[in-house]
2 protein chains.
Amino acid sequence: MHLSRSKPISEQVNNVLRERICNTNYAPGERLPSESALSKEFGVSRATIRTVLAKLAVEGLILRRQGDGTYVNERVEEINTHLGGLWDFAHLIERSGFEVSIQSQAVEKVRASEEEARVLAIDIDDELILLKRLFLGNGSPIILAKNLIPASLLAVPIEKIDGNLRIREIMKQYFLQEISFVTVEISSRLAEGNASILNLEQNAHLLNLNMRFYSNKNEPLTIGDNYLNDKILKPRLVQAWH
Amino acid sequence: MHLSRSKPISEQVNNVLRERICNTNYAPGERLPSESALSKEFGVSRATIRTVLAKLAVEGLILRRQGDGTYVNERVEEINTHLGGLWDFAHLIERSGFEVSIQSQAVEKVRASEEEARVLAIDIDDELILLKRLFLGNGSPIILAKNLIPASLLAVPIEKIDGNLRIREIMKQYFLQEISFVTVEISSRLAEGNASILNLEQNAHLLNLNMRFYSNKNEPLTIGDNYLNDKILKPRLVQAWH
DNA sequence: GAGTGGTCTAGACCACGCT
DNA sequence: GCGTGGTCTAGACCACTCA
């Protein structure tokens, strides 16, 4: 292994170990080298190795047993996302075994409703950018994603926006904003107006993920209103303790 | 502050800081003392303080800005759970502003179906303990929780089981098992047979959380099949990056 | 008892924001 | 330039599991 100096060492080690697990270089159920062995291999301190392993552990990729060792979680295959990845729809669909594609349905200006203005800390009737995107798995529509972003944040002409990027990239490239945290409200909803585009009956029920993205200064950046056809894809996520 | 030697220092510091934030000793939006100030106050190393602050940051309680400082997240109030807390229903209901109570509906032995046997890695028709519990908020039923546990794990007479505990406690006390990680499948379902107990129409739709709990040796410990009336309570959770 | 992960320390240097 | 958080090191000791 040779590590570059440009990126944080821990990030590089993280990527290597993650790859080894996904490529079954470390097979499911197999024991990983000990922390001291890994720190020798990469030429880094044990503390650095430990911060990496800690991250992999909370994502459920590995299991750690004091006095015993570190093992690859045999059940990674069953899981299509983890708690940090629920908001990356392309990744979610891909991990569920589909070929993913994105259709940009609309990129246009609209006016803020009272509720939207409140959440985004702007005034009613202020301009918003509406992004309407359809995520497909093997050609079938699975997720309808609507994002609302205050037009005042826009840093490029609206025509330049490429709806095929993930929301973090869109916010960074076209709005020069870095997303720091998200809140997600999960509920069960009737399809209603969103039925036809998802090939569902009007009275079908589906999963609604209502997201709010914020900067690290607590400024609201965008609202996400997302409808997921959970007949086709059910998110299964993982959480580990300690 | 005086720290005892029995528990890990970082855990004690974690509890103190958490309390200060909840009691608004550190008010929403306010800046926390710097890492070095905190490490002096508690008499611990900066590294220890940092591991604690890192945990609070991923839960969204605090925001960290390099070159600036650490701030209490003003939006903690809006959030009723975080990623590590979705499976603690009593906590979820309480955080949503309700007075919580639990009704134990059934503690009995049943036989494993094919699907249940597969997930729990046992044989079809093997004995299972069924725990059926109803979580109420201000007296209204909100969550119907069914847990299935292999009877072979039972360490006490079945009559001794107290359904008012949270599942981690139940597994520890009556089955001598420590839960290490969970997977959760989230979907939208029709109420059907669960309608009446939750005071819903048969054709109402609600949130289903299908959970599987495992030990740190990857042994399946229990299946949780949970129905949540999301007309009354919608989980809103938070996730932060970095 | 040997080896594992878990906790903690005392330092160093860097990247960034503010003023 | 100063103070903040971000990264990393080298080493210590403890708690635990397994043979």
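Lettering of chains follows the sequences in order, A, B, ..., and the numbering in each one begins at 1.
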Given [options], identify the nucleotide with an atom nearest to the side chain of [X].
X         : options                 : result
Ser36(A)  : dC8(D), dG6(D), dT4(C)  : dT4(C)
Arg31(B)  : dT7(C), dT4(D), dC8(D)  : dT4(D)
Lys217(B) : dG5(C), dT9(D), dC18(D) : dC18(D)
Glu35(B)  : dT9(D), dT4(D), dG5(D)  : dG5(D)
Thr48(A)  : dT4(D), dT9(C), dT9(D)  : dT9(D)

Output all residues satisfying side-chain contact (heavy atoms from CB on, under 4.5 Å) with Asn218(A), sequence neighbours left out; order by chain, then residue number.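 Partners of Asn218(A) by the side-chain contact (heavy atoms from CB on, under 4.5 Å) criterion, ordered by chain and then number, come out as Phe181(A), Tyr214(A), Leu63(B), Asn73(B), Glu74(B), Arg75(B).
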side-chain hydrogen bond (donor to acceptor under 3.5 Å, both in side chains) contacts in which one or both residues fall within residues 114-123 of chain A, not counting sequence neighbours: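 Pairs touching residues 114-123 of chain A that pass the test: Ser113(A)-Glu116(A), Glu115(A)-Arg118(A).
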Which is true for Arg50(B) with a 4.0 Å heavy-atom rule: it touches a base, it touches only sugar-phosphate, or it touches nothing?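 Since a base atom lies under 4.0 Å of Arg50(B), the category is base.
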Answer with base, sugar-phosphate or nothing: what part of the nucleic acid does Thr70(B) contact at a heavy-atom distance below 4.0 Å?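 Thr70(B): backbone/sugar contact only, no base atoms under 4.0 Å.
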For [X] and [N], what is the distance between atoms [atom1] and [atom2] respectively, to the nearest whole Å?
X         : N       : atom1 : atom2 : value
Ile9(A)   : dA10(D) : CD1   : P     : 10 Å
Leu32(B)  : dT4(D)  : CG    : P     : 13 Å
Glu11(B)  : dG6(C)  : CD    : P     : 14 Å
Leu38(B)  : dG5(D)  : CG    : P     : 8 Å
Lys40(B)  : dG3(D)  : NZ    : C1'   : 12 Å
Gln12(B)  : dC8(C)  : CD    : C1'   : 13 Å
Asn216(A) : dC16(C) : CG    : P     : 13 Å
Asn14(A)  : dG6(D)  : CG    : C1'   : 16 Å

Just jot down the salt bridge (charged side-chain N to carboxylate O under 4.0 Å, His left out) partners of Arg111(B), sequence neighbours excluded, or say none.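 For Arg111(B), no residue satisfies salt bridge (charged side-chain N to carboxylate O under 4.0 Å, His left out) once neighbours in sequence are set aside.
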Run the salt bridge (charged side-chain N to carboxylate O under 4.0 Å, His left out) test against Arg95(A) and tell me which residues pass, sequence neighbours left out.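 Once residues adjacent in sequence are excluded, Arg95(A) has no partner under the salt bridge (charged side-chain N to carboxylate O under 4.0 Å, His left out) criterion.
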Show the nearest heavy-atom pair for residues Leu148(B) and Thr222(B), with the distance to one decimal.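 Scanning both residues completely, I find the closest heavy atoms to be O-OG1, 3.1 Å.
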Identify the pairs formed between an N or O of the protein and an N or O of nucleotides 11-14 of chain D at a distance under 3.5 Å, and give each distance.
{"from": "dA12(D)", "atom 1": "N6", "to": "Arg46(A)", "atom 2": "NH1", "distance (Å)": "3.4"}

If you find the nucleotide of DNA chain C closest to Ser34(A) and the one closest to Gly43(B), which residue's nucleotide is nearer the 5' end?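 This one resolves to Ser34(A).
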Could you say whether Ser45(B) or Asp68(A) is positioned toward the 5' end of DNA chain C, judged by the nucleotide with the nearest heavy atom to each?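 Looking at DNA chain C, the more 5' nearest nucleotide goes with Asp68(A).
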Testing the 3.5 Å rule here: is there a donor-acceptor pair between the side chains of Thr48(B) and Ser45(B)?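 On atom types as modelled, these side chains qualify, holding a pair under 3.5 Å.
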Distance check: side-chain N/O of Ser10(A) vs OP1/OP2 of dC8(D), anything under 4.0 Å?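 Yes, such a contact exists.
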Answer yes or no: is there a side-chain heavy-atom contact under 4.5 Å between Glu78(B) and Arg212(A)?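 When only atoms from C-beta onward are counted, Arg212(A) and Glu78(B) do touch, with a gap below 4.5 Å.
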Test of understanding: with ring-ring contact (aromatic ring centres under 6.0 Å, His included), list the residues that count as partners of Tyr174(B), not counting sequence neighbours.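 By the ring-ring contact (aromatic ring centres under 6.0 Å, His included) rule, Tyr174(B) matches no residue at all.
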Pairwise 5' ranking along DNA chain D for Ile49(A) and Arg65(A), keeping only the more 5' one: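 That would be Ile49(A).
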